[in-house]
There are 2 protein chains.
Amino acid sequence: MTTIADVAQAAGVSISTVSYVMSGKRTISQETRERVEQAMADLSYSPQASARSLASRSTSILGLQAPIRAGVDVHVVMQIVAGALKEARLHHHDILLLTSDDAAGVERAARAGMVDGVLILDVETSDPRVGSLADLSIPSVLIGLPDTADQLICVDFDFEAAGRLAAERLAERGHRTVTLLGAPPQVQARHTSYSDRLTRGFLSRSREVGLTATVLPCPAGPGATEVVDALLAGSPETTALFVHNEAALPFIAARLLASASAAPIEIVALSPAELALHVPGVSDVIDLPAEELGAAGARTLLAAIRGERSPGPELLTPRFAHSPAEPATV
Amino acid sequence: MTTIADVAQAAGVSISTVSYVMSGKRTISQETRERVEQAMADLSYSPQASARSLASRSTSILGLQAPIRAGVDVHVVMQIVAGALKEARLHHHDILLLTSDDAAGVERAARAGMVDGVLILDVETSDPRVGSLADLSIPSVLIGLPDTADQLICVDFDFEAAGRLAAERLAERGHRTVTLLGAPPQVQARHTSYSDRLTRGFLSRSREVGLTATVLPCPAGPGATEVVDALLAGSPETTALFVHNEAALPFIAARLLASASAAPIEIVALSPAELALHVPGVSDVIDLPAEELGAAGARTLLAAIRGERSPGPELLTPRFAHSPAEPATV
DNA sequence: ATGAAAGCGCTAACAC
DNA sequence: GTGTTAGCGCTTTCAT
């Protein structure tokens, strides 16, 4: 194991000079810097994380609490995590995985000084976890938008605007009666923040533009077909669907294509673009930029750690995705 | 911030006594122990991870390199991660996420002393990452079984045995011509270890039991239906499928049910049980115990960190899953 | 059964 | 522009 002292000796400088070469916190002559860097390379030196963090009282580690729950779309969660990880690494930070559904885990990591801040996913409208966040000694960022978001830093996709956007598009297309096939029943029952907001935006804007709109929860996978069947049978005047459920989307689309009714049913989807763009029967896709959302969360957390207070919730604006065939004109 | 010194003072003992109360590494009188524990509780003391790890030269953190690649089944990966995390926490360890596809990331974390060991997922048959693992200063465990596994500790599901098991079951059921619909093309092209082994086991046992067996890669999602169509058209004598692709399974099953051919095609699936058991048209499910696999990996890594050398690769035995309706008789 | 004290490897004053 | 050194909070010999 080579230490900073070894490097200092090899370079013929003091320990602190080596430290300052690494941190850049004071000016070093070109020549000295080169000697030190050479010595570091020769000895293939890596600073010891624990020593560094003991002395500096910071770890360069972000805590991440990701959910693994019924109804949660693993694909989207993975993308958020991937985005956060990428962004964190870009800023020389690492990510410590914190057990889900466990406020104690976040507290433990914070109090042990294992992380400089925490990123929390899949926040519910009234989330029990948010209470304890306020009196942590480290900053936290929620990906989601709970009721009690007043004092908390939140980053999320603007699901409400997405709901409005979908209603507008469907109205433009001349539809009169439409249905939102949303998150799985468990998610809606938990009043997951995003599900609530999407519904609100969709219904209110539908009303404004004269659409008759209803909302139905929709299980992932094959179960979705049953919901579609029930809907078609019970409400034949429906001419379009707004689907927010990546996992159910292919099944819904396949079902509609199969049951070749007189008037085809149009589908607008809210989904990570790459998952929905090539599903046959889907005419418009509002992109859910999951990876960017994770990155934005990490970025905001890093800013908070640096002491920059962000003003209000940061909401990513929804946009329609464009297939490679019809690229956006920007 | 309360330190060990605060606790020692409050309890009227020395710092080392407090330390030994926590570690249990020497006998403490009942009375002293109680005073110390009381003091810790009163001051709500949490030991500082960095200080502890600087002094002890260990972190209680496991590095985890999980893949986020094309064709990788996110659901299975998530379950493995969840299993590893659970097991790690059970043994008072945490998990640091390491960037995928990046041997440098593992090395960096190891050399900085950030982790006590690393767990590596989705290993390919000839994985470039495994080379550098051998000369890390910390132990590593692969979930997967690469060619060059001689000196490495590996834990995996016994895909080869699973392939054999499926062939046997299909033969018992009286089939003569069968097809393995396997991992997506990208995964098979990479010669991902599990895909190779499943194929080998399935084909060799098929030969032994007199089955005519072929293997087809199969994309996830709707693309799977095309593969099924092509197969049915090109090889009408096929009477059964062995499907190893959770993401494609529902589509395959749905397609077979829809195309009501004279003789129905039987499906045996290899999948996490809870994902496949309720897909209509699937007659047998070989469970892929993803969470248990993650837990086993973590357990083995923790053992290696303690210095226990495991003899050979550890392979989880495949079993048929039983639906709630027909429970196992054990 | 308990204490005293020497590190662990680094950062950041405080010198010059 | 560079060096000296006092911690950071803990673990673990040595003592007793």
Side-chain angles (χ1 to χ4, degrees), chain A residues 1-37 39-40 43-61 92 108-116 137-138, chain B residues 1-37 39-40 43-61 92 108-116 137-138:
Chain A
M1 233 231 62
T2 106
T3 74
I4 196 174
D6 300 331
V7 175
Q9 186 164 25
V13 299
S14 74
I15 284 183
S16 62
T17 297
V18 176
S19 176
Y20 284 118
V21 165
M22 295 192 285
S23 69
K25 287 190 181 173
R26 81 180 178 193
T27 38
I28 304 281
S29 73
Q30 178 66 24
E31 193 220 324
T32 305
R33 149 171 288 112
E34 274 164 9
R35 276 220 316 287
V36 170
E37 279 166 350
M40 296 201 296
L43 303 175
S44 66
Y45 166 70
S46 313
Q48 203 63 13
S50 55
R52 176 174 277 189
S53 95
L54 176 58
S56 69
R57 307 166 146 284
S58 83
T59 62
S60 292
I61 298 181
H92 309 293
R108 184 183 56 82
R111 300 182 23 113
M114 306 184 75
V115 296
D116 293 343
S137 53
I138 54 172
Chain B
M1 232 232 62
T2 104
T3 74
I4 196 174
D6 301 331
V7 175
Q9 186 164 25
V13 298
S14 73
I15 284 182
S16 61
T17 296
V18 176
S19 176
Y20 283 117
V21 164
M22 294 192 284
S23 69
K25 286 188 182 175
R26 79 179 179 194
T27 38
I28 303 281
S29 74
Q30 179 64 26
E31 191 220 325
T32 305
R33 147 170 291 110
E34 272 164 11
R35 276 220 316 286
V36 170
E37 278 166 349
M40 297 201 295
L43 303 175
S44 65
Y45 165 70
S46 315
Q48 203 64 9
S50 55
R52 176 173 277 192
S53 94
L54 176 59
S56 69
R57 309 165 144 282
S58 83
T59 62
S60 292
I61 298 181
H92 309 292
R108 184 184 55 82
R111 300 184 20 116
M114 306 184 75
V115 296
D116 293 343
S137 53
I138 55 173

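For clarity, every value in this text was computed on a predicted model and none was experimentally measured. Lettering of chains follows the sequences in order, A, B, ..., and the numbering in each one begins at 1.
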K.L.:
Counting N and O atoms only, with roles assigned by atom type, does the side chain of B:R111 sit under 3.5 Å from a partner on the main chain of A:S44, one being a donor and the other an acceptor?
P.N.:
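Such a contact is found between B:R111 side chain and A:S44 backbone.
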K.L.:
Using a 4.0 Å heavy-atom cut-off across all strands, classify B:G12 as base, sugar-phosphate, or nothing.
P.N.:
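B:G12: backbone/sugar contact only, no base atoms under 4.0 Å.
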K.L.:
Which nucleotide wins on minimum distance to the side chain of B:M1, given the candidates C:dG9, D:dG9, C:dG3?
P.N.:
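Between C:dG9, D:dG9, C:dG3, the one nearest the side chain of B:M1 would be D:dG9.
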K.L.:
Do any side-chain nitrogens or oxygens of B:S19 fall under 4.0 Å of OP1 or OP2 in D:dT12?
P.N.:
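Answer no for this pair, as no side-chain N or O of B:S19 is under 4.0 Å from OP1 or OP2.
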K.L.:
Quick check: any donor-acceptor pair below 3.5 Å linking the side-chain of A:R57 to the base of C:dT11?
P.N.:
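No pair found.
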K.L.:
Report the residue from B:T3, B:T32, B:I28, B:V36 that forms a side chain to side chain contact (heavy atoms under 4.5 Å, CB included) with B:V18.
P.N.:
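Only one option passes, and that is B:V36.
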K.L.:
How do A:A55 and B:S56 order along DNA chain D: which one's closest nucleotide is nearer the 5' end?
P.N.:
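Upstream on the strand: A:A55.
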K.L.:
Distance check: side-chain N/O of B:K25 vs OP1/OP2 of D:dT12, anything under 4.0 Å?
P.N.:
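For D:dT12, OP1 or OP2 has a side-chain N or O of B:K25 closer than 4.0 Å.
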K.L.:
Has the side chain of A:R26 got a donor or acceptor that lies under 3.5 Å from a partner of the other kind on the base of D:dG3?
P.N.:
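In this structure, the two groups form a donor-acceptor pair.
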K.L.:
Report yes if the side chains of B:Y45 and B:D6 come closer than 4.5 Å at any heavy-atom pair, otherwise no.
P.N.:
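No. Closest side-chain heavy atoms not under 4.5 Å.
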K.L.:
What is the separation between atom CD1 on A:I15 and atom C1' on C:dC8, rounded to the nearest whole Å?
P.N.:
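Rounded to whole Å, this separation is 13 Å.
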K.L.:
Determine: side-chain N/O of A:S14 to OP1/OP2 of D:dT2, distance under 4.0 Å, yes or no.
P.N.:
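No, because none of the side-chain N or O atoms of A:S14 sits under 4.0 Å from OP1 or OP2 of D:dT2.
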K.L.:
From CZ of A:R111 over to P of D:dG9, roughly how many Å is that when rounded to an integer?
P.N.:
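Spelled out: CZ on A:R111 to P on D:dG9 is 14 Å.
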K.L.:
Could you pick out which residue, B:V13 or B:A51, lies toward the 5' side of DNA chain C when each is mapped onto its nearest nucleotide?
P.N.:
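Closest to the 5' end, via its nearest nucleotide, is B:V13.
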K.L.:
Between atom OG1 of B:T17 and atom CZ of B:R33, what is the distance when rounded to the nearest 0.5 Å?
P.N.:
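Answer for the OG1-CZ pair, B:T17 versus B:R33, is 11.0 Å.
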K.L.:
Would you say D:dT2 has OP1 or OP2 under 4.0 Å from some side-chain N or O of A:T32?
P.N.:
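It does, given that an N or O in the side chain of A:T32 lies less than 4.0 Å from OP1 or OP2 of D:dT2.
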K.L.:
Taking only the side-chain heavy atoms of B:T17 (C-beta and beyond), determine which of D:dT11, C:dG3, D:dT2 contains the nearest atom.
P.N.:
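Of D:dT11, C:dG3, D:dT2, C:dG3 is nearest to the side chain of B:T17.
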K.L.:
Think B:S29 has a side-chain N or O under 4.0 angstrom from the OP1 or OP2 of C:dA1?
P.N.:
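No, B:S29 has no side-chain N/O under 4.0 Å of OP1/OP2 on C:dA1.
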K.L.:
So, OP1 or OP2 of C:dG9: does either fall under 4.0 Å of a side-chain N or O from A:T3?
P.N.:
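A:T3 to C:dG9 OP1/OP2: no side-chain N or O under 4.0 Å.
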K.L.:
D:dT2 P sits how many Å from A:R33 CZ, rounded?
P.N.:
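Checked: the CZ to P distance equals 9 Å.
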K.L.:
At their closest point, which heavy atom of B:L54 faces which heavy atom of A:A51, and how far apart are they?
P.N.:
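Shortest heavy-atom contact: CD1-CB, 3.6 Å.
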K.L.:
Separation of B:L54 atom CG from C:dA6 atom P, in whole Å?
P.N.:
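Atom CG in B:L54 sits about 17 Å away from atom P in C:dA6.
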K.L.:
Rounded off to whole Å, could you give me the CD-to-P distance for the A:Q48 and C:dG9 pair?
P.N.:
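That distance rounds to 7 Å.
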K.L.:
Counting distance alone, no hydrogens or angles: does the base of D:dT4 have a donor or acceptor under 3.5 Å from a partner atom on the side chain of A:S16?
P.N.:
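Donor-acceptor pair under 3.5 Å: yes.
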K.L.:
Atom CD of B:E31 and atom C1' of C:dT2: how far apart are they, to the nearest Å?
P.N.:
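Atom CD in B:E31 sits about 12 Å away from atom C1' in C:dT2.
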K.L.:
Rounded to whole Å, please give me the gap between CZ in B:R52 and C1' in D:dC8.
P.N.:
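Those two atoms, CZ and C1', are 16 Å apart.
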K.L.:
With a 4.0 Å limit, can you tell me whether B:Y20 has a side-chain N or O closer than that to the phosphate oxygens OP1/OP2 of D:dT13?
P.N.:
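So the side-chain polar atoms of B:Y20 never come under 4.0 Å of the phosphate oxygens OP1 or OP2 of D:dT13.
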K.L.:
CZ/A:R35 to CD/A:Q30 distance, rounded to the nearest 0.5 angstrom?
P.N.:
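The distance works out to 12.0 Å.
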K.L.:
Using whole Å, what does the distance between atom P of nucleotide D:dT4 and atom CD of A:Q9 come to?
P.N.:
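Value for this atom pair: 13 Å.
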